[in-house]
Amino acid sequence: MAERARTYHHGDLRASLVEEAAAMISEGGAASVTMRAIGSRLGVSRGAPYRHFPDKTALLVAVAVAGFKRLNRRLGSGDAGVSSSSVERLRRMGEQYVRFALEHPAHYRLMYGKEALERQDQPELRKAAGALLENLIDVIRVHQQRGEIDGGDPRAQAYVAWSAVHGLASLLIERQIDPNVNVDDLIRQTTQTILDGMRDRSQD
C-alpha cells in the first residue's frame with residue numbers, strides 16, 4: 001500500500017485509479033467499483049480520487065476510453081508481418097479484436113458489453129469509440145479502391161464485420177460457447193468467413 005501511496009505524489013494517481021478500477025471490474029463487475037474502495041486499495045486518502053475524477057461514472061468512462069485507445073493500437077499492431085497492401089490485414093484486425101476482448105474483458109464489457117456506458121452525454125467516450133470505427137472504415141475503403149473487396153458503403157461493411165467479431169467476442173467472454181471448442185480455430189474461421197464475404201467476386 002505504501003508504494004502505491006507514493007505513486008500518487010509522483011503524479012501517477014490518475015493512471016493508477018484507471019488501472020485499479022479495471023482490476024476491480026474484472027473481480028466483481030462495475031458495481032463493485034466505489035471511490036472509497038478504490039482509494040483504500042491504493043492506500044490514498046478518501047478524497048484523493050476526487051482530485052482526478054468527480055464521481056464513479058467519470059472514472060468508469062476513463063477506463064472505457066483507455067480500452068478503446070488500447071484496442072485501436074492493438075488493431076494497428078496486428079499488421080505486423082502483413083503487407084499494408086494485403087487484404088489479409090482485415091482478417092487480422094478481426095482476430096486482434098476478439099483476442100483483445102478475451103485478454104481485457106473488464107475493459108470490453110464497459111466498451112461494448114453488458115456493462116457498457118451510455119455515450120450520449122460522454123463526448124470523450126464517443127470520440128474514442130468513433131475513432132476506432134473510422135479507422136476500420138478507412139482500411140475497408142483502401143481495399144475497395146484497390147478492387148480487393150466489394151464496393152458499396154464502407155460504413156455498412158464495417159458494421160457487418162464488427163457485428164460478427166463482436167458476437168464471437170461476447171459469446172466467448174460470457175462463456176456461452178462449448179469450452180471444448182478450439183478457440184484459435186474458431187477465431188480464424190470466423191474472421192476468414194468475414195473476409196471471404198467481403199472479397200470482390202468480379203475478380204474471381
Side-chain angles (χ1 to χ4, degrees), residues 1-78 93 95-136 162 165-179 183-184 187:
M1 287 296 188
E3 181 61 35
R4 287 184 169 181
R6 284 197 299 273
T7 298
Y8 166 66
H9 295 297
H10 287 100
D12 294 333
L13 181 58
R14 189 184 193 281
S16 296
L17 288 165
V18 172
E19 181 181 348
E20 198 67 30
M24 293 177 72
I25 295 167
S26 293
E27 296 164 10
S32 69
V33 179
T34 68
M35 301 296 274
R36 182 174 182 175
I38 200 168
S40 176
R41 283 172 62 122
L42 289 173
V44 297
S45 69
R46 188 175 298 183
Y50 291 98
R51 298 173 191 169
H52 297 272
F53 301 103
D55 52 33
K56 171 182 171 176
T57 297
L59 174 57
L60 294 181
V61 165
V63 175
V65 168
F68 280 116
K69 291 179 178 179
R70 180 179 291 181
L71 177 55
N72 220 344
R73 291 192 298 269
R74 178 74 172 265
L75 296 186
S77 66
M93 288 176 74
E95 182 177 276
Q96 292 301 319
Y97 181 99
V98 178
R99 295 197 183 283
F100 171 88
L102 294 177
E103 294 168 16
H104 306 284
H107 282 94
Y108 192 80
R109 288 189 177 104
L110 280 181
M111 293 159 62
Y112 297 122
K114 62 183 180 181
E115 296 183 299
L117 300 167
E118 291 290 338
R119 300 177 193 167
Q120 183 175 353
D121 300 320
Q122 304 293 343
E124 185 182 12
L125 191 56
R126 290 201 309 273
K127 181 180 178 180
L132 190 67
L133 178 61
E134 292 304 320
N135 284 347
L136 174 58
W162 177 23
V165 291
H166 169 70
L168 177 58
S170 297
L171 289 170
L172 286 170
I173 66 175
E174 299 304 336
R175 300 181 181 179
Q176 297 300 310
I177 289 180
D178 184 345
V183 172
D184 290 337
I187 293 173

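Quick caveat, the model's predicted, so the values are computed rather than measured.
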If you look at every heavy atom in [X] and [Y], which pair is closest and at what distance?
X    : Y    : value
A21  : V63  : CB-CG2, 3.7 Å
M35  : P49  : CE-CB, 3.9 Å
L125 : E118 : CD2-O, 4.2 Å
R14  : A62  : NH2-CB, 4.1 Å
A106 : A22  : CB-O, 3.4 Å
L102 : P105 : O-CD, 3.6 Å

Y112 vs H166 aromatic rings, parallel, tilted or perpendicular, using cut-offs 30° and 60°?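 Perpendicular.
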Using 30° and 60° as the class limits, which term best fits the ring planes of H104 and F100: parallel, tilted or perpendicular?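 It falls in the tilted class, 30° to 60°.
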Mind checking whether [X] and [Y] have side chains closer than 4.5 Å, heavy atoms only?
X   : Y    : value
L75 : N135 : no
E20 : L13  : no
I25 : R109 : no

Measure the spacing between [atom1] of [X] and [atom2] of [Y] and express it to the nearest 0.5 Å.
X    : Y    : atom1 : atom2 : value
D178 : L171 : CG    : CG    : 12.5 Å
L59  : I38  : CG    : CD1   : 5.0 Å
L71  : M111 : CG    : CE    : 4.5 Å
L132 : R74  : CG    : CZ    : 12.5 Å
L168 : I173 : CG    : CD1   : 10.5 Å
L60  : Q122 : CG    : CD    : 10.0 Å

Does this structure show an ion pair linking E103 with R70, if we count only N-O contacts that are shorter than 4.0 Å? no
Could you tell me whether K127 and E134 make a salt bridge, using a distance below 4.0 angstrom between a side-chain N and a carboxylate O?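 Result for this pair is no, no salt bridge flagged.
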Is a donor on one side and an acceptor on the other found under 3.5 Å between the side chain of R126 and the backbone of R119? yes
Does the S170 side chain pair with the main chain of G167, one donor and one acceptor, at a distance under 3.5 Å?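 No, because the side chain of S170 does not come within donor-acceptor range (under 3.5 Å) of the backbone of G167.
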